[in-house]
Amino acid sequence: MYVRADQLQMELLTWFHTNAITCICPIGTGLQVCASADEGGRLRLWQVCRGEDPKGFRVLRFTSALTSLTVESRGKFLLASTDGGCIHAVSCERWSEAQVIDTQRISEVGIAKICCINSEDGLALKVAALLFDGRIAMVSFSLRDPKVKMLGLVENLGTVEDICFHDQDKTEELNVPGKLLAVGYNADAASCMWAIRALKEGYEPRDLTIPREACQLWSTKLTSDTGLAEGRPTAVCSLSKTEVAVGFANGAVKVFAVPTHPGLILKGPATPVRSLLQPGVHHVITSLQPNISATILTIGSMDGTVLKFGLPEGNELLNKTLHNPYNGGTAQVACSRDGTVTMTTGGSDGIIVWSEPGAGITLTPDDSHMSVEEDDAFGDASPGGFAFELDDTDINAFPAWSPPAAGGDAAAGDDEEVELSEEAAAKRKLMAHEIEALRKKLRILVDHNANAPDLEKLDRSEFCVDFEERFAIASKTKERCDELRADIEHQNVARQLVRDRLIKEFWDPMRGKGCQITSLTSSLAVSNYPERTVSEEESTVTRKLRMLRRSEQLELQMLRSNCPPELRNDMVLDEDHFTTGREQYIVNWWPASNTKAAEARAKQLAEIEAQAKQAQLEKKAAAEKEAEKQKEKDAKAAKEGREKSDDTGGVKVVDDTGGGTSADSIVAEEQKYLYEPFELVTNSRRRLQIHLLQSLSADYRLHFNELFKACQGDKKNIIDGIKEKCSRIRQILGELQIEEEVPEPTLQEVEDADSVLKVQDHEITVEKWISPEEKKAMEEAAAKEEERLRQLRENDAGQRALVQMMGGTLKTKKDLTPLEIVLDKEPWMDEIPEEDMSEAQKLAFAEYQAKEKALAEAQDAYKKQLSAELKTLRAGVQELTLQFEGLLKKLHHERFAHDAKFLCQELYCARLQLALLQNVEDNLVREQAQFDLASAQQTVLACDTRFSAFSAEVQKAKGEQDDRVRYEKEVSSAQHFRQAFANSTLEANAITALLQLFRKKKELNRAKSFASEDGGRTRRSASTVGIPKGVPSFNLVEEGASDPYPDLGVEQKVAHAQVEDDISFEDCPEGVDEDSFNRMLELRAEKLQAETEVARGAAVLGEMGGFLGHLERECMEAKADFDRLERELREHKALMGRELYDIEILFKLKQGQVEVPQAAVVTDYSDAIVIDQEVVESRNRRITELGKDKVHILTKIKEFRKSLSTLDWEHEMLALQTTDLEERTKDVHMLRVTKDLQSLLKGGEEGRNKAESDLLERKIEHLSEATEKKEQALKKQFAMLAHAAKLRKNENGMLEKKLRELQQNVIQREHIRRLRAPSGQPQKTGGGGRVEEDEGAAKAAHAAFKELRSRQKLMEVAKKNTEEIEILHKELDRLRQRTFPSFVQLHEDRPTNPDHR
């Protein structure tokens, strides 16, 4: 239910927190007084509704940041946790005088959350604190002696996100502590929920970690995935005795059962009882808060939304966004005991207290603290009266808790014993000695009975000391067993009832139950589509919709074929105008008959069919060709005498999945009723299309289910055939006496639709407990059954007759197989040697041997026959298996094809639903805009009315002001003054002097009277001066009696304005009598009064002008708002008009045909366009042609540039040849003729060449000898190095062996040394036999070893360099001996083309 903000009774409370609020909680049973904490360390206790207390709050300041609050159920004590690891206990019985009564630092790690619950006896609080490192601290707080006591830590759970006590678990046993619920994820990143039993009263901590036996632990795995992005739990709360609500990071809220699996080892994920919120709707769930009766659950989300759900139905009661999602959303929610008043906070945006719409809830202020001391309500004005400050960061003042020493318990016990009296201690000691003596005697008797003879030995049941106690224990045990059996029977009956109801509600209405068909050889499995039974009402609605659609189609057919002239313009969209008919990628578009699109589509389908036939013919020809090749190979193998071997036993599996599926040929009945995608322009058509698409999807699923049923029948027949063959195979193996297991296929449980309702014996993992009485009854029944069968076997006349007449078998000798035939050999044949036999015996023995030989041959032939049959049967089993695998694979492809079909229709339905929702939203926006526009228009009319009315008042005031000005000018004129003295006897000079006094300026003096009691002369007020009736006048407000805040509604005290004149009788001119002077004063007073009225009228007129400008601005703003709303409404209507024909069409394209870059999550296709295939192919053809032209042109350019480069190269080569010839000519001209040159010119070159050749031969011989010597030297050096390496290797092996022996000796000596060492000072040893060593000595040894190793390397390098230098010296001497000058000039032929290099 969405609620507008004006429907909520909200009050924002933000004036007392300057930092982000971390926690809120109500104090007591209602929401009259609440507590809130912030990151600045301020704890404030405040009234929601202000009462008589002017302060209304109490402040406690702490140095550390406060993280969480929890309150005792009666509201007397409050516990606050900090990020420094402290827990502060605050006494708030009188919240206005709240004080910190105890502080305990439980850990050096900060506390994330704290919660509490009453103990079993109600005299203490059990407190749990969640630390920042994921550990949970168990704390106790005594209500009699208010002290915080740390008990220990619960560790090794994992990362805990939230905790709360299971306060809805109202256990009947008072001595059983409550449970603590925690949610988070373990080390394997699996989301978990843990239930931890709180510690019992009187538990004394002995270690930092609480042992598992002290607090029981149960766990449950919440989700199956191990990813932390979506499945992480963030909040938890208790709903009932068996149910818990958990909030997740993906916005889901689910209800789970309380964990019942002991320990931390998790099984499969738990199934939620129900889901209140689906994932993805909201952001991270931050807080869950039920009311006291768990009938209303309030949920806070990080997107700022606050939701309320009714329990246990789970219906949504409220959904409102109250906090800014960009500041963290809703941080925490709290509610009153009945759930009607709610308090929420977003951390940095204050606290909101609100009630449900129309609830009429009013909170009365809590003024109980005012009745104790009414005099001190306003007495203490200092900050200490309502504030308190505590520095909890001091480690010395508040040290971290540590477990007490081991001897603490003994010391405490000694203190208790000291407190006891001596007499009680003596009695206690005496009783302990008596009990110990009795225990020893009983132990001796038990041992004696155990070693006694069997006749004297007593049974354990007879060896009893107290029969009454044993009977009482047995009776109590029997009662508890009976109660447990009754409880179990009750639970079983309840579960059976739930099962029957679930079957009735969800299983029986299913027309087709869900099941699978599994493979016989692999893990492949194909599921069917579960179908529900269609009700008569739905069938009737579908028939009506089909009838309406059929009528519409007939009308459209009439408009297309024989349309009257007046109806020709009713066609909104004609598909022939914007389609070609070849757009098969448009989902659910089959062109209508008698259209151009239908003809184009038929032509396209014919082309596709022709291509498919051509491909099929080519495939058939290739298969025939392959078959001919195989025949030739078989014929060749037959000629060579080889047997054909087939790995599949002669079975050839043909993949029949490449030629399409039956889903492509489905023509459903609903298909002809569907609208074309271009016709879905109205909501009624969209709704009708949704119904038709759902029916079409149901037809697709029904078609596949029929194929599924056929495949089920095929599998059953194939399994029956395989079973027959397997039975025959077992018979053959039995006859051949071969022990081999023959697997036989069976139907799995998932293949039986009703298997979910059947419980098999192997599914029950818990062993059934059988009582001794039941075991005895079962044994007696088994003995009776065995005795009955024995008697039946003894008295079976038919069995006795079969044994007597036919040896116990019904087979005759003719029915026996050769393997079953046994020849009877006479005993004398084994006793008498063959040479001692008589003739008759020899004939009988020869006959026996012949029969034995014939039987052996028959057995061999029969074995071969059985082997051949066995091979045939196995081949048949494999053939049937492969046949079924082919059928299953084809069905698997059919499932994929049908999935694509009906999921496409479901997607289309979803898009149409979104279009409907968008249209509804547009209509709501339009109606809201029209409503806002009407309101704005009324506002404009009201502003215009107010402006017009006040403008009339201003005009009226201006007219009155003009009358006052005119009157003031008239009474201030000299003519009016002289007319007043026209009948007097005064001279002109006297009248002039009076006129000057009359015109003298005088300030107005308010709040004073002309007539005063202590004045010497009585003067008349200006009010007595006659003012004409038509002239308006003003009344002045006395200054002393005026209200400085007139807007508070206090009535003003009005008095007449008085004017006091400063002219006295002493200023009277000479020659003026008293009457004339008084007349002048009257005229002056009249003039002053008129001036005052004019000034005040001008001031009022100025104020009215300002207010008139304000009204004018209001009118302009209202008109601007009206224009804005009108423009928005006009734009929204235009948008709706554009979207009317902006039809959303689904395309079904191949993945390779989508050229839009794919995004990581969702690809945006808003800017994408669809291009026809022919357009792309034509563009590619044009690009190819242009590319060929470009290649041809570039080839021409290349050849031309190549010819140019060749010409340049030839020109440069000729120029260089010319230069070379010129240089040679110069050399010849400048050549010096010597004897050698002369001899060369004369022909003495042959002798020189011979000498040079001899020299070269000697040089070659010398080089060969030097090379051989060098090779021999290197070989000798290699042999020496190999020998040295071998020696080093042997030495390393000896050293390694010695090292192992030394290590073993060191380990043994270290062990002896450790045993001999004193226990108080253990020796420090390392792993692997390392002993304690001096670090300085080790470093010095390493340095010396490193220096020695470096020196050895340098010596080896120096030796090697010395040998190389000697070799080089020898080579240098050799080269010096054979040096001679050489002036050989080599001439090379220069190439004619650089490409020939």
Side-chain angles (χ1 to χ4, degrees), residues 1-26 30-39 44 46-50 68-69 162 234-235 237 245 247-253 276-278 280-291 295-311 314-363 924 928:
M1 181 181 70
Y2 182 79
V3 182
R4 296 199 307 270
D6 56 352
Q7 294 179 340
L8 294 175
Q9 303 175 10
M10 295 190 298
E11 183 178 3
L12 180 63
L13 308 173
T14 57
W15 64 84
F16 44 63
H17 278 291
T18 56
N19 296 303
I21 299 171
T22 57
C23 188
I24 56 175
C25 69
L31 275 175
Q32 287 88 357
V33 180
C34 298
S36 57
D38 61 9
E39 293 179 352
R44 299 181 183 266
W46 41 274
Q47 287 180 305
V48 176
C49 296
R50 298 294 295 274
S68 181
L69 302 175
D162 192 17
T234 56
C237 72
F248 292 86
N250 55 10
V253 176
L276 300 180
L277 280 179
Q278 297 300 325
V281 179
H282 296 280
H283 289 182
V284 179
I285 301 301
T286 57
S287 181
L288 299 174
Q289 181 64 43
N291 60 347
T295 57
I296 298 176
L297 177 63
T298 308
I299 303 173
S301 175
M302 194 172 283
D303 56 4
T305 306
V306 178
L307 303 99
K308 282 191 176 183
F309 285 85
L311 299 177
N315 52 334
E316 183 176 323
L317 304 178
L318 181 71
N319 184 349
K320 181 61 182 175
T321 302
L322 298 179
H323 299 280
N324 188 0
Y326 300 100
N327 292 336
T330 305
Q332 189 180 1
V333 297
C335 63
S336 60
R337 297 176 68 89
D338 55 357
T340 56
V341 182
T342 308
M343 177 170 57
T344 61
T345 179
S348 59
D349 57 357
I351 302 172
I352 298 177
V353 180
W354 48 276
S355 61
E356 296 180 1
I361 301 298
T362 57
L363 293 177
L924 291 176
Q928 184 65 30

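In this structure, the side chains of I351 and S36 come closer than 4.5 Å at one or more pairs of heavy atoms. Annotation: side chain of T298 is in contact with side chain of K308 (closest heavy-atom distance under 4.5 Å). You'll find the side chain of L297 reaches within 4.5 Å of the side chain of C237, heavy atoms only. F309 places none of its side-chain heavy atoms less than 4.5 Å from the side chain of V253. Between H323 and I352, some side-chain heavy-atom pair lies under the 4.5 Å cut-off. Contact annotation: the side chain of C34 approaches that of M343 to within less than 4.5 Å [non-hydrogen atoms, C-beta and beyond].
Expressed to the nearest 0.5 Å, how far CG of L277 lies from CD1 of I299 amounts to 4.5 Å. The CD atom of E39 sits 10.0 Å away from atom CD1 of I21, with the distance rounded to the nearest 0.5 Å. N324 CG to T330 OG1: the interatomic distance, rounded to the nearest 0.5 Å, is 10.0 Å. Distance NE2/H282 to CG/N319: 5.0 Å, rounded to 0.5 Å. The line from CG of L318 to OG1 of T305 is 10.5 Å long, rounded to the nearest 0.5 Å. A distance of 8.0 Å separates OG of S287 from CG of D162, quoted to the nearest 0.5 Å.
In plain terms, the two heavy atoms of T321 and D303 that are nearest each other are CG2-O, 4.0 Å. The two residues V306 and W354 come nearest to each other via the heavy atoms CG1-CZ2, 3.7 Å.
The main-chain N or O of I285 is never found under 3.5 Å from a side-chain atom of S301 such that the two would form a donor-acceptor pair. Judged by distance alone, the side chain of T286 and the main-chain N or O of G300 form a donor-acceptor pair under 3.5 Å. A distance-only check finds a donor-acceptor pair linking the side chain of Q332 to the backbone of I24 [under 3.5 Å].
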